[in-house]
Amino acid sequence: GYTPIAEKDVLPGDLVIYFYNGDAEHSGVIVAVGEFGLTVCSKWGMLQEFVHPLRNCPYDFTNLEYYRITA
């Protein structure tokens, strides 16, 4: 299962989902939480995986949700 969490509570290993027009368009795994924000590892379409700042990617980042995997 997945538990929704607030951005302020995000830890490495949590998931971020990028929504566009109400649909989940992209997802990634948080790999770092630092003074400059969150760092994500995600795959960009047909390209390879990228490690990037949360809002530095080709996907719409205006509507993000965060989740923690629960056992």
Side-chain angles (χ1 to χ4, degrees):
Y2 298 91
T3 301
I5 55 174
E7 183 173 353
K8 67 178 182 61
D9 297 323
V10 170
L11 298 171
D14 290 337
L15 305 176
V16 58
I17 311 295
Y18 295 70
F19 285 88
Y20 181 72
N21 286 336
D23 294 323
E25 176 185 42
H26 184 62
S27 64
V29 176
I30 304 297
V31 294
V33 177
E35 66 180 279
F36 298 110
L38 303 174
T39 303
V40 177
C41 179
S42 65
K43 186 169 182 327
W44 294 2
M46 297 294 290
L47 301 175
Q48 67 269 18
E49 287 182 335
F50 289 90
V51 175
H52 58 91
L54 179 71
R55 291 175 174 84
N56 187 6
C57 69
Y59 298 94
D60 185 348
F61 51 81
T62 57
N63 188 9
L64 303 174
E65 293 183 12
Y66 305 91
Y67 295 87
R68 184 163 294 146
I69 297 173
T70 55

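Since the structure is predicted, the reported quantities are computational estimates derived from the model, not experimental observations. Along the sequence shown, residues carry numbers from 1.
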Query raised in the report: Any donor-acceptor pair under 3.5 Å linking the side chain of Lys43 with the backbone of Gly45?
Result: yes
Report summary line: In short, Arg55 meets Phe61 closest at the heavy-atom pair O-CE2, 3.3 Å
**Report entry** Check: Glu7 and Leu64 side chains under 4.5 Å, non-hydrogen atoms
**Finding:** no
Query raised in the report: Just how far is it from atom NE2 of His26 to atom OG of Ser42, taken to the nearest 0.5 Å?
Result: 3.0 Å
Query raised in the report: Which pair of heavy atoms, one from Asp9 and one from Ile5, lies closest together, and at what distance?
Result: O-CD1, 4.3 Å
Report task. Of all the heavy-atom pairs spanning Pro4 and Tyr2, show the shortest one and how long it is. Result -> CD-O, 3.9 Å
Query raised in the report: So which residues get pulled into Met46's cluster when ILVMFWY side chains under 4.5 Å apart are joined, directly or through others?
Result: none
Query raised in the report: Is any side-chain heavy atom of Phe50 less than 4.5 Å from a side-chain heavy atom of Cys57?
Result: no
**Report entry** Sole candidate of Val31, Ile30, Val29, Asn56 that passes side chain to side chain contact (heavy atoms under 4.5 Å, CB included) when paired with Thr39
**Finding:** Val31
Report task. Report yes or no: do Leu47 and Tyr59 belong to one cluster of Ile/Leu/Val/Met/Phe/Trp/Tyr joined by side chain heavy-atom distances under 4.5 Å? Result -> yes
Query raised in the report: Out of curiosity, does Leu38 fall in the hydrophobic cluster containing Ile69 (side-chain heavy atoms, cut-off under 4.5 Å, transitive links)?
Result: no
Query - Counterpart residues, salt bridge (Lys or Arg N to Asp or Glu O under 4.0 Å), relative to Glu65 (two or more places apart) - result: none
Query raised in the report: Do Pro53 and Phe36 come close enough that some side-chain heavy atom pair is under 4.5 Å?
Result: no
Output a table of donor-acceptor pairs, distance under 3.5 Å, between side-chain atoms of residues 12-20 and any protein atom two or more places apart or on a different chain; print 'none' if there are none.
| unit_1 | atom_1 | unit_2 | atom_2 | d |
| --- | --- | --- | --- | --- |
| Asp14 | OD1 | Arg68 | NE | 2.8 |
| Asp14 | OD2 | Leu11 | N | 2.7 |
| Asp14 | OD2 | Arg68 | NE | 3.3 |
| Asp14 | OD2 | Arg68 | NH2 | 2.8 |
| Tyr18 | OH | Leu54 | O | 2.7 |

